[in-house]
Amino acid sequence: MTPTDGPLHVAIIMDGNGRWAKQRGLPRTFGHREGVKALKRTVEAAPDLGVETLTVFGFSTENWRRPMAEVAELMGLLKAYVESDLDRLIREGVRVRVIGRRTGLKPDILEIIDRAETRTAGNSRFLLQVAFNYGGRADITDAARRFAEQVEQGRAKASDLDEALFETMLSTVGAPDPDLIVRTSGERRISNFLPWECAYAELVFQDVFWPDYGPDHLGAAIAEFRARERRFGGASSDDVLAAG
Ligand code: IPE
Ligand code: IPE
Ligand code: MG
């Protein structure tokens, strides 16, 4: 097995910060701060494992339901992450893209997102997509609205719509679909993460809280991916050979 066996695109639901902190008798915010360190370790390790695109779930459209102080902490961490790591990301050829709704985000957060995207726009070695204020259903709804607007304005016809065109309206436009979706913390659900894009992704659930995550865990998830057979609705390659 070599890194060329994929997965080229890994998407991670970074879950378990709160439980990690609780286990230690600490406030949840401590878990989120440790989670940022895990993110840095994982981003650094991914290219050496053959990964070209990494998408991480940082804040969901449903996470606004959390206490205001926790929401503020999560917003602040995005800012702190970009401020401390942007120069390194630029040096290492990482292009940063933030996917999700911009509405509802404060001006300082919008500014930091814009800075990260603009300053890394010329990079092509690695794509880091941060899903922030992201919800899959919200993204699909926004895409549908964009297409409806085009029809309303006479720039498109309903019969123009196919999967390829619809994908260009999603916030993930241009990125390949994830090959592998990882969720940490032991929860076995998708929680509205990339529902369109993950149609044929392999799912790996790891029983580790996100703040403890690192290169070895990512390596193990990738090894599990490589042991799977993806069929995309076709027949198993062994069966096709046997059938002649
Ligand atoms: C993941 O950890 C981080 C975000 C959702 C932003 P959680 O905060 O969900 O941690 P648990 O699931 O409560 O342990
Ligand atoms: C998903 O985790 C969102 C992020 C990791 C940012 P949650 O912890 O919010 O999901 P649920 O509530 O357990 O489904
Ligand atoms: Mg959680």
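When a ligand or atom number is given, it counts from 1 through the structure's own listing order. What you see is a predicted model, and the numbers here were worked out from it, not measured in a lab. Residue numbers count from 1 along this sequence.
Here's the thing with Arg28: one of its N/O atoms is less than 3.5 angstrom from an N/O atom of ligand 1. Looking at ligand 1, you won't find any N or O of Trp20 less than 3.5 Å from one of its N or O atoms. Not one N or O of Ser60 is nearer than 3.5 Å to an N or O of ligand 2, by distance alone.
The proximity of Glu187 to ligand 1, defined as any non-hydrogen pair under 4.0 Å, does not occur for either the backbone or the side chain. With a 4.0 Å heavy-atom cut-off, ligand 2 is reached by the backbone of Phe59 but not by any atom from C-beta on. Counting heavy atoms closer than 4.0 Å to ligand 1, residue Lys22 contributes nothing at all.
At the shortest separation from atom 5 (C) of ligand 1 among protein heavy atoms lies Arg66 NH2, 3.4 Å. Here the protein heavy atom with the shortest distance to atom 1 (C) of ligand 1 is Met14 O, 3.0 Å. Annotation: atom 10 (O) of ligand 1 to nearest protein heavy atom, Gly18 N, 2.9 Å. From the protein, the heavy atom lying nearest to atom 2 (O) of ligand 1 is Asn17 N, 3.1 Å. Protein heavy atom nearest atom 6 (C) of ligand 1, with residue, atom name and distance: Gly58 O, 3.3 Å. In terms of protein heavy-atom proximity, atom 9 (O) of ligand 2 is closest to Asn63 ND2, 2.9 Å.
Lys40 NZ: more than 12 foreign heavy atoms inside a 6.0 Å radius.
Using a 4.5 Å heavy-atom cutoff, the side chains of Ser191 and Arg183 are in contact. Tyr213 has its side chain within reach of Leu218: a pair of non-hydrogen atoms, C-beta onward, lies under 4.5 Å apart. With contacts defined as side-chain heavy-atom distances shorter than 4.5 Å, the pair Val98/Tyr134 does not qualify. Considering only heavy atoms from C-beta on, Trp210 comes within 4.5 Å of Ile12 through its side chain. Side-chain contact between Lys106 and Leu110 is absent, with no heavy atoms from C-beta onward closer than 4.5 Å.
Taking a cutoff of 4.0 Å between a charged side-chain nitrogen and a carboxylate oxygen, Arg97 and Glu117 do not qualify as a salt bridge. Ionic pairing of Arg19 and Glu187 is present here: one or more N-O contacts between side-chain nitrogen and carboxylate oxygen are shorter than 4.0 angstrom. Ion pairing between a basic and an acidic side chain is recognised when a charged N comes within 4.0 Å of a carboxylate O; Glu34 and Lys37 show such pairing.
For the pair Arg228 and Phe225, the cation-pi criterion (under 6.0 Å, within 45° of the ring axis) is not fulfilled. With Trp64 as the aromatic partner, Arg66 does not meet the cation-pi criteria of under 6.0 angstrom to the ring centre and within 45 degrees of the ring axis.
In this structure, the ring of Trp196 has its center less than 6.0 angstrom from the ring center of Phe166.
In this structure, atom 12 (O) of ligand 2 has no protein heavy-atom contact shorter than 4.0 Å.
Taking a 4.0 Å cut-off on heavy atoms, Gly16 registers as neighbouring ligand 1. Arg183 counts as a contact of ligand 2, since one of its heavy atoms falls under 4.0 Å from the ligand.
Short contacts between ligand 2 and Ser191, defined as distances under 4.0 Å to a heavy atom of the residue, involve ligand atoms 10 (O), 11 (P), 14 (O). In the vicinity of Arg19, heavy-atom distances shorter than 4.0 Å reach the ligand 1 atoms 11 (P), 12 (O), 14 (O). Which parts of ligand 2 touch Arg189 is read off a 4.0 Å heavy-atom cut-off, strictly below it: atoms 11 (P), 13 (O), 14 (O). Set against the non-hydrogen atoms of Leu74, the atoms of ligand 1 under 4.0 Å away are 6 (C).
The Mg ion (ligand 3) is closest to atom OD1 of Asp15 (considering only N, O or S atoms).
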